[in-house]
Colleague: 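For reference, the structure I am asking about is given below.
FYI, the numbering just counts along the sequence from 1. First listed ligand is number 1; within each ligand, the first listed atom is number 1.
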Amino acid sequence: MWNGDSLLNKLYNEAVSQHQANAKRELRNERRPKLKAALREVIGQFESNLGHAPKRLERVQCDGFVRERVELSATPELTFAAYLLIPDHAEGPLPGVLALHGHGYGSREIVGLRKDGTADEEKPGIHQHFAVQLVKRGMVVIAPDVIGFGERRLLSDLVKDPDTSSSCYNLSTQLMMLGKTLTGLRVTEALKAYGYLASRPEVNAGRIGVMGFSGGALIGYMAAVLEARLQATVLMGFTNTVKDSIFAVHHCIDNYTPGLLVHAELPELIGLLAPRPLFLESGEQDPIFPVNGFRKAAAEIKAIYESEGAGHKLETDIFPGAHEISGRLAYDWLKNALTNLA
Ligand SMILES: [Zn+2]
C-alpha cells in the first residue's frame with residue numbers, strides 16, 4: 001500500500017494493545033506513578049526561577065470583587081502576568097481556583113475584559129468570562145496569561161504579522177527540537193500560578209482546584225496529575241480519545257506531545273486524577289473534540305474512578321452547544337467540591 005493510512009492505524013492499534021497489556025500486567029500502584037513519571041518526562045523540564053519575587057501590577061475594585069494583576073516567573077528569562085480575582089467581604093480564607101483559558105487573546109478573555117484591557121460589556125464569547133463566574137460564587141481565582149496568546153505572542157511573530165492569532169507554531173516547533181514542549185512550559189507556569197495562589201492569605205491552600213477550557217484543559221489535567229494538592233478538576237471542551245479528536249480533526253500543533261501515546265491514551269491519563277473530584281463538560285456539537293469521543297473517554301474514566309472506589313466523585317455534562325463553555329452545572333459543582341472536601 002502506497003498510502004500511510006493502514007500503517008498509522010496499525011501503529012495506533014499496537015500502542016493501545018500495549019497499554020492494555022501493560023495495565024493488566026502492572027499493579028495499579030506501579031502503573032500510576034510510572035505513567036505520571038512518563039508524562040513529566042515527555043513534556044520536558046524547565047529550570048525553575050526561585051529568585052523571582054511576585055510583583056503587583058494593578059489593583060482595581062470591580063462589581064463584587066477586586067481584580068489584581070501580578071507578575072510572576074516560573075523559569076529564567078521569562079515572566080508572565082496573571083489576574084487574581086478576590087471576592088468582596090470574604091470571611092476567612094476561601095477556596096481557590098486556577099483558571100486556564102484556551103486559544104484566544106489571553107486571560108483578559110476570561111476575566112471580563114476586552115483585548116485592550118477595558119471592561120467587556122458585550123455578550124461573552126466561548127470562554128463565557130468564566131473566571132468572573134467563579135469569583136461571583138465566592139472563590140479566589142488566578143488566571144495566568146498562557147504563553148503564545150495576546151501579549152504573550154512572540155515578538156518575532158508580531159513583527160511579521162501584528163494580528164497573528166497565536167505563537168503556538170513557533171513556540172511548539174522550536175521547543176520540540178530542544179527536547180521540550182510548549183505544553184511542558186505552559187504546565188510549569190500554571191503550577192507557578194497555583195503556588196502563588198496557595199500563598200495568598202485570602203486563600204485556603206487546602207481547597208484549591210483547577211478549571212480549564214480546551215487548550216487550558218490540556219494544561220489543567222496535566223497540572224493536576226503532577227500536583228496532587230490540586231483538589232478538584234473541571235475539564236471543558238477537551239476530554240476525548242486522541243483517536244477521535246486530535247487524530248481525527250485538524251488541531252493546533254500544541255496538542256501534540258512527542259511519544260505520549262507510547263504510554264497511554266488520554267482517558268487513562270485523565271484517570272490518574274482518581275480519586276480526586278473531577279467534572280467533565282462537552283458541547284454536543286463540538287466539532288473539534290467530538291461528542292462521540294467524549295462519551296467513550298468519559299466511560300473509560302468512569303471505569304477507572306469506579307475501580308478506585310470513587311465513581312461518585314466523577315460527574316459529566318453534555319450540553320447543547322459547540323466548542324464553548326456552558327458552566328450550567330460545572331461552576332456550582334466546583335464550589336461544592338472544594339467546600340465539601342473529605
Ligand atoms: Zn495553539
Colleague: Less than 3.5 Å apart, which donor and acceptor atoms pair up between the side chains of residues 254-262 and the rest of the protein, not counting sequence neighbours?
Modeller:
from	atom 1	to	atom 2	distance (Å)
D254	OD2	H103	NE2	3.3
D254	OD2	R186	NH1	2.7
N255	ND2	C252	O	3.1
Y256	OH	I246	O	2.7

Colleague: Any donor-acceptor pair under 3.5 Å linking the side chain of R152 with the backbone of D145?
Modeller: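 Present.
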Colleague: Just wondering, are more than 12 heavy atoms of other shown residues or ligands nearer than 6.0 Å to OH in Y169?
Modeller: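 No, the 6.0 Å shell around OH holds no more than 12 heavy atoms from other groups.
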Colleague: Taking everything shown except Q61 itself, do over 12 heavy atoms lie less than 6.0 Å from its CD?
Modeller: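 Counting neighbours around CD of Q61, more than 12 heavy atoms of other residues, nucleotides or ligands fall under 6.0 Å, so yes.
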Colleague: Give the total of protein N/O/S atoms at a distance below 2.8 Å from the Zn ion (ligand 1).
Modeller: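 If we list every protein N, O or S atom nearer than 2.8 Å to the Zn ion (ligand 1), we get 4.
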Colleague: Test your reading of the model: is there a side-chain donor-acceptor pair from R276 to the backbone of A224, 3.5 Å cut-off?
Modeller: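 Answer holds: yes.
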Colleague: Check whether H251 reaches the backbone of I288 with its side chain - one donor and one acceptor, N or O, closer than 3.5 Å.
Modeller: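 Judged by distance alone, yes, a pair lies under 3.5 Å.
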